[in-house]
Amino acid sequence: MLTLEEAQERILAVITSAAAGLPGIEKVPLADALGRVVAADVLAPLDLPLFDNSAMDGYAVRAADVTGASPEKSAALRCVGRVAAGEMFAGEVGAGECVRLFTGSPLPRGADAVVMQEDTQTDPAQSATVRVLDVARPWENVRLRGEDVKRGALLLAAGERLTAGRIGLLAALGFAGITAVRRPVVGLLATGSELRESCAPLGPGEIYESNRALLAPLVRAAGAEARVYPLVPDTAEATRTALDRALAECDAVITSGGVSVGEFDFVKSAFEQLGGTLDLWKVAIKPGKPFVFGRLNGKCLFGLPGNPISGLVTFLLLVRPALLKMQGTRATSLAAHPGVLAEPLVNRGDRRHFMRVKVDEEGRVHLAGMQASHALGALAAANALVEVPLRTTLPAGSAVRVLRWEI
Ligand code: AMP
Ligand code: MG
């Protein structure tokens with residue numbers, strides 16, 4: 001049986017090569033770009049700010065003219081103009097002069113500081129005179145051209161994901177959209193003759209199918225498009241037909257169920273009959289041991305065990321990194337956050353156990369209910385995984401790495 005790291009390496013190694021089709025690129029308007037991955041480095045076409053401008057409502061001055069100014073000994077300046085945001089001052093500020101400015105007004109030539117309005121006094125009887133009550137250091141209250149972003153600077157490296165802040169920056173630099181990696185299309189198949197669609201009447205021994213609903217949002221959160229396929233009964237032929245169609249229509253296919261050793265487990269054999277190569281089967285983790293990975297014509301098959309928690313854990317540890325790598329994302333693992341156990345975590349088994357936990361706002365880690373691989377009630381209370389090594393008890397108070405998948 002492979003270790004988790006061996007399995008991860010094998011999968012990711014395939015995805016760098018031409019053996020697994022990378023999804024290509026497309027133009028995306030900024031309004032739709034949240035979460036998208038940029039396909040190429042993005043450089044700043046402009047400086048930000050684009051020109052020296054005022055950070056305050058006030059007056060553009062020459063700092064040398066207000067040296068030593070104070071409420072007792074104000075400096076009198078002649079106001080020679082007014083510049084609203086969006087306007088330019090045609091002239092130049094000379095010695096003893098000032099110009100009325102507002103936040104965002106371009107700094108007139110000749111001025112090297114802005115005195116804020118609160119540090120000045122005006123007299124309606126002498127409307128051209130402004131009394132400055134405080135000193136100004138050179139460039140005080142001036143937002144300098146290029147101080148935030150320099151033209152030509154690297155804004156985003158290929159493989160980085162767009163956040164709201166990054167979208168705002170691109171908009172400020174005049175971008176209407178970006179060249180993004182196309183979202184990989186991921187087919188979701190659920191195998192099992194006992195499975196029924198939600199709302200359908202249940203016969204004896206039948207259950208509602210839940211893995212496609214559980215996995216689709218995780219696929220989307222990993223930047224891919226989830227395409228949900230009809231249920232697949234446990235026959236060799238139905239499994240082959242369903243796999244064949246999904247592999248033709250998608251960049252990658254995730255199946256659930258049918259990868260164990262029972263006589264109703266057809267995923268592996270159906271995939272091989274279609275000409276697929278199985279790169280691995282069985283990973284030494286709990287839950288999720290019978291996970292399968294294979295390739296056919298540059299498409300990947302991820303065969304997840306049917307138990308919902310096993311499917312979730314193998315998706316997070318083995319499929320999500322692959323989906324991210326297909327998009328050129330550099331960091332592919334779940335982010336590990338520090339946490340402290342509020343109660344002991346016990347693994348008596350001989351496989352590494354990825355236990356479902358609830359992390360609170362202080363980083364205290366609580367066990368999220370029963371740890372069986374079918375226990376969706378407990379899963380719904382969890383927001384993270386903690387790995388507990390084989391035959392190990394981690395006592396309360398232990399520092400652990402928490403792998404979060406839900407906020
Ligand atoms: P399997 O991996 O096919 O042997 O399934 C293992 C267990 O998970 C069985 O109890 C199945 O009924 C259950 N199961 C399999 N697929 C699903 C699914 N898509 N939704 C809910 N439960 C499932
Ligand atoms: Mg089954």
Side-chain angles (χ1 to χ4, degrees), residues 1-2 7 186-220 224 226-243 245-246 250 252-273 276 278 280-294 301-320 349 351 353-354 356 368-382 405:
M1 223 183 310
L2 295 177
V186 177
L188 286 176
L189 264 58
T191 74
S193 296
E194 75 281 25
L195 305 176
R196 288 291 171 266
E197 296 285 3
S198 48
C199 290
L202 289 180
E206 295 177 349
I207 61 172
Y208 288 121
E209 195 282 320
S210 57
N211 285 342
R212 295 170 303 169
L214 170 63
L215 295 171
L218 296 171
V219 165
R220 288 189 200 111
R227 191 168 295 175
V228 173
Y229 282 89
L231 296 175
V232 184
D234 288 321
T235 69
E237 200 196 332
T239 309
R240 229 174 17 243
T241 309
L243 271 180
R245 173 177 168 205
C250 303
V253 173
I254 299 175
T255 60
S256 85
V259 289
S260 294
V261 294
E263 50 270 55
F264 293 107
D265 292 327
F266 293 109
V267 170
K268 295 197 304 306
S269 55
F271 185 64
E272 285 181 315
Q273 283 160 20
L278 295 178
L280 65 93
W281 179 44
K282 289 193 178 172
V283 182
I285 54 172
K286 182 184 173 183
K289 179 172 87 168
F291 174 84
V292 170
F293 173 68
L301 170 75
F302 301 95
L304 276 44
N307 270 311
I309 319 306
S310 312
L312 171 87
V313 169
T314 49
F315 176 87
L316 293 173
L317 298 178
L318 293 157
V319 185
R320 182 179 174 277
R351 278 178 282 145
H353 193 172
F354 287 85
R356 278 72 65 204
M370 70 185 285
Q371 295 289 311
S373 60
H374 63 282
L376 277 166
L379 180 71
W405 83 89

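Note that these values count all heavy atoms, side chains included, but never hydrogens, waters or copies made by symmetry. Fair warning: this is a prediction, and the values are worked out from it, not measured in the lab. Just follow the structure's listing: the first ligand is 1, and inside any ligand the first atom is 1.
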Is it the side chain (CB and beyond), the backbone, both or neither of S210 that lies under 4.0 Å from ligand 1, heavy atoms counted?
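It is both parts that get close, each with some atom under 4.0 Å.
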Between I207 and ligand 1, which part of the residue brings a heavy atom under 4.0 Å of the ligand: side chain, backbone, both or neither?
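Just the side chain.
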Quick one: CZ on F302 to CG on L215, what's the gap to the nearest 0.5 Å?
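Rounded to the nearest 0.5 Å, the CZ-CG separation comes out at 12.0 Å.
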Considering only non-hydrogen protein atoms, determine which one is nearest to [atom] and report residue, atom name and distance to 0.1 Å.
| atom | value |
| --- | --- |
| atom 16 (N) of ligand 1 | G306 O, 3.5 Å |
| atom 18 (C) of ligand 1 | N211 ND2, 3.2 Å |
| atom 6 (C) of ligand 1 | N307 N, 3.7 Å |
| atom 19 (N) of ligand 1 | E209 OE2, 2.7 Å |
| atom 12 (O) of ligand 1 | E194 OE2, 2.5 Å |

Please examine the side chains of [Y] and [X], heavy atoms only from C-beta on, and report whether any two atoms are closer than 4.5 Å.
| X | Y | result |
| --- | --- | --- |
| T191 | V259 | no |
| F315 | I254 | yes |
| L278 | F293 | no |
| R320 | L218 | no |
| D234 | E194 | yes |

Counting from 1, what ligand 1 atoms have a heavy atom of G258 closer than 4.0 Å?
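Result: 1 (P), 2 (O), 3 (O).
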Please could you name the atoms of ligand 1 that A190 approaches to less than 4.0 Å, counting only its heavy atoms?
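This gives 19 (N) as the contact atoms.
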How about E237: does its CD atom have over 12 heavy atoms from other parts shown lying under 6.0 Å from it?
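No - once you tally the heavy atoms of other residues, nucleotides and ligands closer than 6.0 Å, there are 12 at most.
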Out of curiosity, is S256 lining ligand 1, as in a heavy atom under 4.0 Å away?
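Distance cut 4.0 Å: S256 passes for ligand 1.
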